[in-house]
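One structure is given below, encoded as structure tokens.
Side chains are part of it too, since the values below use all heavy atoms of this structure and drop only hydrogens, waters and symmetry mates. Since we're looking at a predicted model, the values are computed, not measured.
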Number of protein chains: 2
Amino acid sequence: MFSFDQLRGFVAVAEELHFGRAAERLSMTQPPLSRQIQKLERTVGVQLLERDRRRVSLTAAGEAFLIEARRLLTLAESAPDHARRISAGSSGTLRIGFTAASSYGPLGGLLNRLEEVLPEINIELFEMVTREQVAALLNEEVDLGLARPPFDTELFGSRVQHRERMLVAVPEGHPLARHAGPVAAEELVDVPLIMHSPTRARYFYDLVVRLVPISHQNVVHTVSQVLTMVWLVAAGRGVAFVPRSATGLGIDGVVYLEIADLPEDPVELHLLWLRESRNPAVRRALEAWPPEGAALP
Amino acid sequence: MFSFDQLRGFVAVAEELHFGRAAERLSMTQPPLSRQIQKLERTVGVQLLERDRRRVSLTAAGEAFLIEARRLLTLAESAPDHARRISAGSSGTLRIGFTAASSYGPLGGLLNRLEEVLPEINIELFEMVTREQVAALLNEEVDLGLARPPFDTELFGSRVQHRERMLVAVPEGHPLARHAGPVAAEELVDVPLIMHSPTRARYFYDLVVRLVPISHQNVVHTVSQVLTMVWLVAAGRGVAFVPRSATGLGIDGVVYLEIADLPEDPVELHLLWLRESRNPAVRRALEAWPPEGAALP
DNA sequence: AGAACATGATGCCAGAAAGGTATCATCTTA
DNA sequence: TAAGATGATACCTTTCTGGCATCATGTTCT
């Protein structure tokens with residue numbers, strides 16, 4: 001097999017059509033260059049240059065080989081660069097898992113920011129619930145997650161990316177909807193409830209149970225996705241506790257009411273990543289996208 | 001710069017994920033392979049493989065570089081082959097000059113035959129008169145010509161590729177057109193003549209002068225292209241001597257008449273090439289396309 | 001025509017580079 | 001804890017590559 005030096009030598013001679021000048025361009029002397037070309041021709045098995053003792057010209061095979069040689073050299077030069085960019089995390093692919101609906105806002109911010117800071121990066125999006133995200137992060141099927149606590153802080157790095165208020169969604173025309181001002185928690189004790197699944201939406205379940213004194217006899221549905229909840233409310237099946245971002249879903253027939261005496265913005269969305277992720281783009285993404293409220297560089 | 005051996009080494013290790021097995025596959029021992037990879041990583045400037053003393057895995061940069069390395073190797077392997085095929089003349093480009101109109105028939109035969117025998121060849125066609133063809137062949141702007149004698153037989157190889165009859169073209173309704181059977185040469189002495197240029201269509205000029213006793217006072221136009229001649233005849237400007245292939249031009253208002261006592265098929269079309277052509281495809285084309293009448297292989 | 005010049009090839013040598021063997025360090029497995 | 005596995009290192013030998021001097025031959029100028 002020929003070497004890159006031989007290719008460079010051939011390209012130089014093919015461009016100069018003169019061994020001496022080509023050698024000078026390559027910062028070497030003419031004799032080894034002559035031998036380089038001879039050797040190259042021997043390995044290629046074809047005469048590439050016509051030397052008639054006075055002038056040098058390319059054969060037809062040489063013309064063709066020149067194109068391939070140039071391609072090889074440019075490819076060889078760009079390859080390390082490409083690898084370095086990947087390694088620095090400014091290129092490559094970033095796979096992001098996100099929870100439906102409630103992540104849309106923060107996710108948009110992330111995508112815009114990445115587009116701006118790491119334009120060469122290739123982004124893939126996967127909608128999955130928190131539990132699936134955790135599994136996918138462990139399998140390295142995704143690189144980042146937008147999910148709800150809790151997580152194993154040994155394995156995962158995380159940070160609060162978004163906080164929002166908890167509201168109660170009631171059907172239009174429901175007696176509570178006529179209220180002026182926030183609903184008191186006690187008013188919710190006796191209405192039909194659409195509740196989060198304690199297994200598949202554990203974060204919301206725990207949160208609601210902690211914050212509001214609900215009675216489990218009133219639970220008429222148990223679901224895991226916010227979107228499903230709001231649809232059920234719109235259908236008049238009951239009321240539901242949802243994060244403020246649900247108001248952006250654009251579903252008619254639902255009214256969102258404040259709840260009195262709740263902590264400010266108790267619903268947290270976390271950015272989540274595997275601490276030992278082997279994708280260098282993760283680090284770059286974390287730098288590029290500081291937590292909400294932090295100053296951008 | 002890295003070497004092809006280093007690339008091969010890296011690809012082998014990346015595929016085996018095991019230095020020992022990769023070395024075996026490359027018919028070498030493990031230590032130099034380890035060094036090859038280290039050196040490669042140094043020149044690329046990035047860690048490509050993760051060795052944690054027990055298992056080997058690719059880094060993100062390694063994944064990317066593996067793709068480039070494979071591409072480089074396959075390109076490097078195919079390049080000599082490509083050059084050799086060009087050199088053998090079974091690939092590459094063949095540029096053919098041809099005279100308008102009268103070459104159409106033989107040219108079609110050549111193109112069909114080349115398509116069949118040298119499917120990888122790329123053909124470019126250039127319409128030019130004989131004189132231009134000769135110049136273009138000398139400048140190596142075309143590789144083959146379809147033209148009329150005479151040529152410098154020192155510089156050019158040639159062979160008769162097509163012979164045809166000489167006819168006289170007369171306007172429809174012309175007195176001669178009422179003839180039954182061939183026109184005698186004497187009948188043409190006193191009609192207006194559209195004649196070939198003695199410089200730009202010297203072959204036809206010489207041929208006609210040799211074969212037919214014409215009187216130069218009757219020459220009303222001097223042109224170089226057969227097509228122009230036939231148009232002028234159709235316009236009633238006079239009569240003209242044309243090769244039989246002109247009947248295929250499909251111009252209305254012209255009648256083609258045989259001429260009595262002419263030699264059989266005096267108009268010759270030659271295939272022409274530069275003896276020292278550097279395009280190997282020329283030789284292949286000459287082999288592929290024997291003179292008319294010769295047996296095809 | 002002949003001398004000076006230009007140009008690519010060849011012979012020879014020194015330094016660099018690559019591969020092989022032996023061995024080490026460390027991690028896994030029984 | 002001992003044996004085995006695996007990649008890295010040390011050291012040596014062989015091969016390769018580049019440089020210098022020189023040759024062979026074709027061009028140009030006087």
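Listed for the B:N279 side chain is no donor-acceptor partner under 3.5 Å among the backbone atoms of B:L94. For B:R95 (side chain) and B:T93 (main-chain N/O), no donor-acceptor pair under 3.5 Å exists by modelled atom type.
Spacing between atom CZ of A:R8 and atom C1' of D:dG18 amounts to 15 Å, rounded to whole angstrom units. The CG atom of A:L17 sits 16 Å away from the C1' atom of C:dA6 (whole-angstrom rounding). Whole-Å rounding puts the B:D5 CG to D:dC16 P distance at 12 Å. Atoms CG (A:L49) and C1' (C:dA9) sit 14 Å apart, rounded to a whole Å. B:F4 places its CZ atom 19 Å from the P atom of C:dA17, with the value rounded to the nearest Å. The CD atom of A:E24 sits 17 Å away from the C1' atom of D:dG18 (whole-angstrom rounding). Straight-line distance from the CZ atom of B:F2 to the P atom of C:dA17: 17 Å, rounded to whole Å. Here C:dG8 presents its C1' atom at 13 Å from CZ of A:R21, a figure rounded to the nearest Å.
The nucleotide whose nearest atom lies closest to any side-chain atom of B:R51 is, among D:dA8, C:dG19, D:dG18, D:dA8.
The side chain of A:H18 contributes no N or O atom lying less than 4.0 Å from OP1 or OP2 of C:dA6.
A heavy-atom distance below 4.5 Å is not found between the side chains of A:L269 and A:Y203. Side-chain contact between B:E141 and B:F126 is absent, with no heavy-atom pair separated by less than 4.5 Å. With a 4.5 Å cut-off on side-chain heavy atoms, B:R113 and B:V117 count as touching. Between B:L146 and B:H162, the closest side-chain pair of non-hydrogen atoms is not below 4.5 Å.
Of the charged side-chain nitrogens involved, none lies within less than 4.0 Å of a carboxylate oxygen, so that B:E24 and B:R21 do not count as a salt-bridged pair. In summary, A:E120 and A:R284 do not engage in a salt bridge, as defined by a charged side-chain N under 4.0 Å from a carboxylate O.
Of the residues near DNA chain D, A:S27 and B:G20, the one whose nearest nucleotide (by heavy atom distance) lies more toward the 5' end is B:G20.
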Point to revise | Per-nucleotide protein contact string for nucleotides 24-30 of chain C, where B marks a base within reach and S marks sugar-phosphate only (heavy atoms under 4.0 Å, - for neither) | key: --SBS--
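Checked against B:F10 for a side-chain contact (heavy atoms from CB on, under 4.5 Å), the options B:D5, B:L48, B:V44, B:L33 give a single hit: B:L48.
Interface residues of residues 29-39 of chain B facing DNA chain C, ordered by number: B:T29, B:P31, B:P32, B:R35, B:Q36, B:K39; criterion, heavy-atom separation under 4.0 Å.
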